[in-house]
Participant: 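Encoded as structure tokens, here's the structure I'll be asking about.
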Amino acid sequence: MDVPPEMIRSAQSGDRQAMEDLIKGSYRAAYTLALRLLGNPDDAAEATQETYIRVVRGLKRLGEPDAFPTWLFKITSNVCISEMRRRTRRDIPTENVAEHEASPVDVEAVVTGRVAAEELEQLMRQLPEAYRTVIVLRDVYDMSGDEAAEILGVTPGAVKVRLHRARRRLRDELVARFPEWASSEGPQEKVIA
């Protein structure tokens with residue numbers, strides 16, 4: 001994310017060009033996080049738009065410009081979590097039913113530990129929001145436990161517990177889908193590269 005502190009300060013002081021540059025420099029990171037959490041490009045675009053509405057409204061209250069990336073990820077995560085909760089309450093399927101049908105997988109690739117990214121993404125979308133969010137922040141974005149805790153508004157201990165449970169659930173689901181893994185080494189503790 002290319003957002004120098006002086007650009008943030010200029011945007012905070014009302015410089016429109018600096019605000020546009022700030023959005024351009026950070027948009028991809030926010031959109032990618034939203035896409036990973038929501039799993040749908042249209043929903044991710046809407047969530048990112050809502051994120052930047054909140055960023056524009058609240059940027060003046062951001063105390064330390066160096067905290068911008070964490071603050072942006074926190075806003076994005078909160079917007080996505082709210083959307084996931086709305087989905088759950090409405091009980092509307094978020095994906096095409098055909099996407100849930102098992103597709104043929106190269107057993108040799110699975111045994112050697114190279115699961116298709118689409119398969120793993122599908123499994124991640126099935127995780128509860130708390131698990132999905134923490135695994136994306138920690139394993140995909142490689143954030144520290146403290147950074148993830150700050151974004152999620154929980155303790156670092158809660159992040160560790162959620163991460164452990166999320167990884168275990170992913171591993172168990174992979175073993176259920178690919179029983180060969182039960183007798184081999186299986187996936188490593190850090191499931192996502």
Side-chain angles (χ1 to χ4, degrees), residues 1-87 94-96 99 115-127 129-154 159 162-163 166-167 170 190-193:
M1 181 179 328
D2 185 27
V3 288
E6 51 278 354
M7 180 190 302
I8 296 168
R9 285 188 200 96
S10 294
Q12 285 177 314
S13 68
D15 181 340
R16 293 184 81 126
Q17 185 60 49
M19 181 62 79
E20 287 179 27
D21 293 342
L22 177 64
I23 292 170
K24 286 178 187 173
S26 61
Y27 185 88
R28 184 176 183 161
Y31 174 79
T32 303
L33 176 59
L35 183 60
R36 292 242 180 222
L37 294 175
L38 298 173
N40 177 301
D42 293 333
D43 291 344
E46 285 183 35
T48 306
Q49 182 177 7
E50 176 61 28
T51 294
Y52 281 102
I53 289 170
R54 294 180 186 191
V55 165
V56 169
R57 289 180 183 161
L59 187 61
K60 288 183 181 181
R61 293 188 302 270
L62 177 65
E64 185 59 41
D66 290 337
F68 179 79
T70 303
W71 182 69
L72 176 65
F73 285 148
K74 183 172 187 167
I75 293 170
T76 307
S77 297
N78 287 341
V79 168
C80 292
I81 288 168
S82 294
E83 175 58 26
M84 287 185 275
R85 287 180 181 154
R86 273 192 293 278
R87 286 179 184 176
T94 58
E95 299 168 39
N96 188 340
E99 291 181 63
V115 177
E118 300 83 29
E119 188 76 22
L120 192 53
E121 288 289 335
Q122 181 184 34
L123 291 174
M124 284 182 52
R125 284 192 299 268
Q126 295 171 2
L127 288 174
E129 72 181 59
Y131 294 171
R132 182 177 343 141
T133 305
V134 76
I135 208 162
V136 167
L137 294 175
R138 291 282 286 131
D139 289 345
V140 176
Y141 284 91
D142 204 27
M143 290 185 181
S144 71
D146 290 339
E147 290 171 324
E150 183 179 340
I151 287 170
L152 297 172
V154 298
V159 168
R162 289 179 187 180
L163 184 61
R167 287 175 177 166
L170 280 176
K190 186 171 181 177
V191 177
I192 302 188

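Reckoned from all heavy atoms, side chains included, excluding hydrogens, waters and symmetry mates.
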Participant: Quick one: CG on D139 to CZ on R36, what's the gap to the nearest 0.5 Å?
Facilitator: 11.0 Å

Participant: Is it true that E20 and R16 have a side-chain N and a carboxylate O under 4.0 angstrom from each other?
Facilitator: no

Participant: Rounded to the nearest 0.5 Å, what's the gap from CG on D15 to CZ on R9? Could you check?
Facilitator: 14.0 Å

Participant: Would you say the side-chain atoms of T133 pair up with the backbone N or O of A130, donor to acceptor, closer than 3.5 Å?
Facilitator: no

Participant: Please say which of E46, R54, M84 ends up in a side-chain contact (heavy atoms from CB on, under 4.5 Å) with V79.
Facilitator: R54

Participant: Under a 4.0 Å N-O cut-off, is there an ion pair linking E129 with R132?
Facilitator: no

Participant: Nearest 0.5 Å please: distance from the CD atom of Q49 over to the OH atom of Y27.
Facilitator: 8.0 Å

Participant: Return the minimal non-hydrogen interatomic distance between T48 and A34, and the atom names on each side.
Facilitator: OG1-CB, 3.8 Å

Participant: I need the single residue from L72, L59, T76 that forms a side-chain contact (heavy atoms from CB on, under 4.5 Å) with Y52. Which is it?
Facilitator: L72

Participant: Looking at G145 and R138, what are the two nearest heavy atoms and their distance?
Facilitator: N-NH1, 3.6 Å

Participant: For C80 versus L37, what's the shortest heavy-atom pair and its separation?
Facilitator: CB-CD1, 3.8 Å

Participant: Report yes if some heavy atom in the side chain of L62 is under 4.5 Å from a heavy atom in the side chain of Q12; otherwise report no.
Facilitator: yes

Participant: More than 12 heavy atoms of other residues, nucleotides or ligands under 6.0 Å from CD of E50: is that the case?
Facilitator: yes

Participant: Rounded to the nearest 0.5 Å, what's the gap from CG on L170 to CD on Q126? Could you check?
Facilitator: 9.5 Å

Participant: Please state whether the rings of W71 and F68 are parallel, tilted or perpendicular, taking 30° and 60° as the class boundaries.
Facilitator: tilted

Participant: Do you know the tightest heavy-atom contact between I151 and S77?
Facilitator: CG2-OG, 3.5 Å

Participant: Just so I know, are the side chains of L33 and L137 near enough to count as touching, which here means a heavy-atom distance under 4.5 Å?
Facilitator: yes

Participant: Start with the C-alpha gap between K74 and N78, add the side-chain angles, then the distance that decides, and say whether side-chain contact (heavy atoms from CB on, under 4.5 Å) holds.
Facilitator: CA-CA 6 Å; K74 183 172 187 167; N78 287 341; 3.8 Å; yes

Participant: Looking at every heavy atom in both I135 and A166, which two are closest together, and how far apart are they?
Facilitator: CD1-CB, 4.1 Å

Participant: Which atoms form the tightest heavy-atom contact between F73 and M143, and what is the distance?
Facilitator: CD1-CE, 2.9 Å

Participant: What is the distance from atom CD1 of I81 to atom CG of L152, rounded to the nearest 0.5 Å?
Facilitator: 5.5 Å

Participant: Does any donor atom in the side chain of T32 or Y141 lie under 3.5 Å from an acceptor atom in the other side chain?
Facilitator: no

